[in-house]
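All ligand and atom numbering here is 1-based and tracks the order in the structure.
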Amino acid sequence: MEVISLSNVFLWRRTQEEFSYDLKTSIFAWLERKHRHPSKRLILNQINLDIQQGERVGIIGANGSGKSTLLKVISGILPPTKGGVKVAGNIAPLIELGAGFDPGMSVTDNIILYGVMLGFSRQQMSQRIESILEFAELKDYALVPVKALSSGMKARLGFAIATDVRPDILLLDEVLSVGDERFKQKCRKRIERFWESNVTIIVVSHDRKFISQWCQRGVWLDQGQIKFSGEVNEAIRCYMDAINPSKG
Ligand SMILES: Nc1ncnc2c1ncn2[C@@H]1O[C@H](COP(=O)(O)OP(=O)(O)OP(=O)(O)O)[C@@H](O)[C@H]1O
């Protein structure tokens with residue numbers, strides 16, 4: 001059964017340049033006759049991708065090729081500019097962990113808020129607070145506002161919430177870099193549990209060994225386009241050949 005289907009997906013984003021494009025900078029730019037119209041970049045270029053239930057897909061490619069953006073489009077964080085995205089089942093997006101937290105609210109309230117954002121009910125989340133705090137090792141911080149946590153603690157909390165409930169689809173973005181070495185091991189163990197079940201997993205990583213070991217299928221992205229999609233080692237080979245054309 002197909003659980004993810006992207007058809008003819010295009011995504012344009014404003015360039016970073018335009019982010020500092022406030023009134024003051026605009027006036028100065030006009031005065032100095034350096035005014036430029038904001039530009040847009042094509043980040044995902046005609047993506048067609050179907051993923052079956054239980055498939056483990058590794059997304060590889062150079063920095064800036066669009067891997068994280070692709071996960072964000074699948075998770076619904078970013079709507080595509082054009083094209084269709086269909087997803088069946090609930091997704092645990094382990095992307096920018098904790099980015100959705102409300103810094104002024106307590107850890108406990110954020111657990112509920114974050115869980116509701118992931119598609120779980122308030123009641124389901126209330127029952128899970130204990131186990132989430134336990135896994136995140138933040139029991140003593142339950143009533144503390146999230147802004148008082150370190151960034152590693154926030155990432156741990158985000159990971160604990162998103163993986164506490166077994167999702168149908170798990171999106172992992174270089175997620176094993178969460179927290180310190182000991183916590184990383186703990187995350188790895190929890191993720192391995194999903195790997196043994198029938199969860200559909202899409203992982204973005206620069207770690208070729210990890211991708212080759214854990215994924216059946218590899219998708220190579222290059223400048224926003226899918227250059228190869230198929231057997232994982234073949235995908236890695238195509239990508240490596242493109243980087244080192246003299247080899248092989
Ligand atoms: N918030 C943003 N606004 C505008 N452009 C962005 C934003 N985030 C990323 N981009 C651009 O989108 C393109 C793809 O970025 P993305 O993060 O998806 O790449 P990536 O393949 O995951 O890279 P990496 O391997 O470095 O993590 C890059 O050109 C980047 O500059």
Do the side chains of V146 and M105 get nearer than 4.5 Å, heavy atoms only? no
Can I get a per-line list of side-chain donor-acceptor pairs under 3.5 Å for residues 64-73, giving both atom names and the distance, sequence neighbours left out?
{"unit_1": "S65", "atom_1": "OG", "unit_2": "A62", "atom_2": "O", "d": "2.7"}
{"unit_1": "K67", "atom_1": "NZ", "unit_2": "G61", "atom_2": "O", "d": "3.0"}
{"unit_1": "K67", "atom_1": "NZ", "unit_2": "A62", "atom_2": "O", "d": "2.9"}
{"unit_1": "S68", "atom_1": "OG", "unit_2": "D173", "atom_2": "OD2", "d": "2.9"}
{"unit_1": "K72", "atom_1": "NZ", "unit_2": "E96", "atom_2": "OE2", "d": "2.9"}

Is it true that K184 and E181 make a salt bridge, defined as a side-chain N closer than 4.0 Å to a carboxylate O? yes
Decide, yes or no, whether a salt bridge links E231 with R237 under the criterion of side-chain N to carboxylate O below 4.0 Å. no
Residue list, side chain to side chain donor-acceptor pair (under 3.5 Å) with S75, at least two apart or on another chain: none
Between E2 and K86, does any side-chain N to carboxylate O distance fall below 4.0 Å? no
What atoms of ligand 1 come closer than 4.0 angstrom to any heavy atom of G66? 14 (C), 18 (O), 19 (O), 20 (P), 21 (O)
Is it the case that ligand 1 has an N or O less than 3.5 angstrom from some N or O of I43? no
Checking heavy atoms under 4.0 Å, the part of R14 that sits near ligand 1 is backbone
Check ligand 1 against T69 and write out every atom of the ligand that is under 4.0 Å from a heavy-atom position of the residue. 14 (C), 15 (O), 16 (P), 18 (O)
When you look for heavy atoms under 4.0 Å from ligand 1, do you find them on the side chain of K67, its backbone, both, or neither? both
Check whether any heavy atom of G224 sits under 4.0 Å from an atom of ligand 1. no
Go through ligand 1 atom by atom and flag the ones less than 4.0 Å from a non-hydrogen atom of R41. 29 (O)
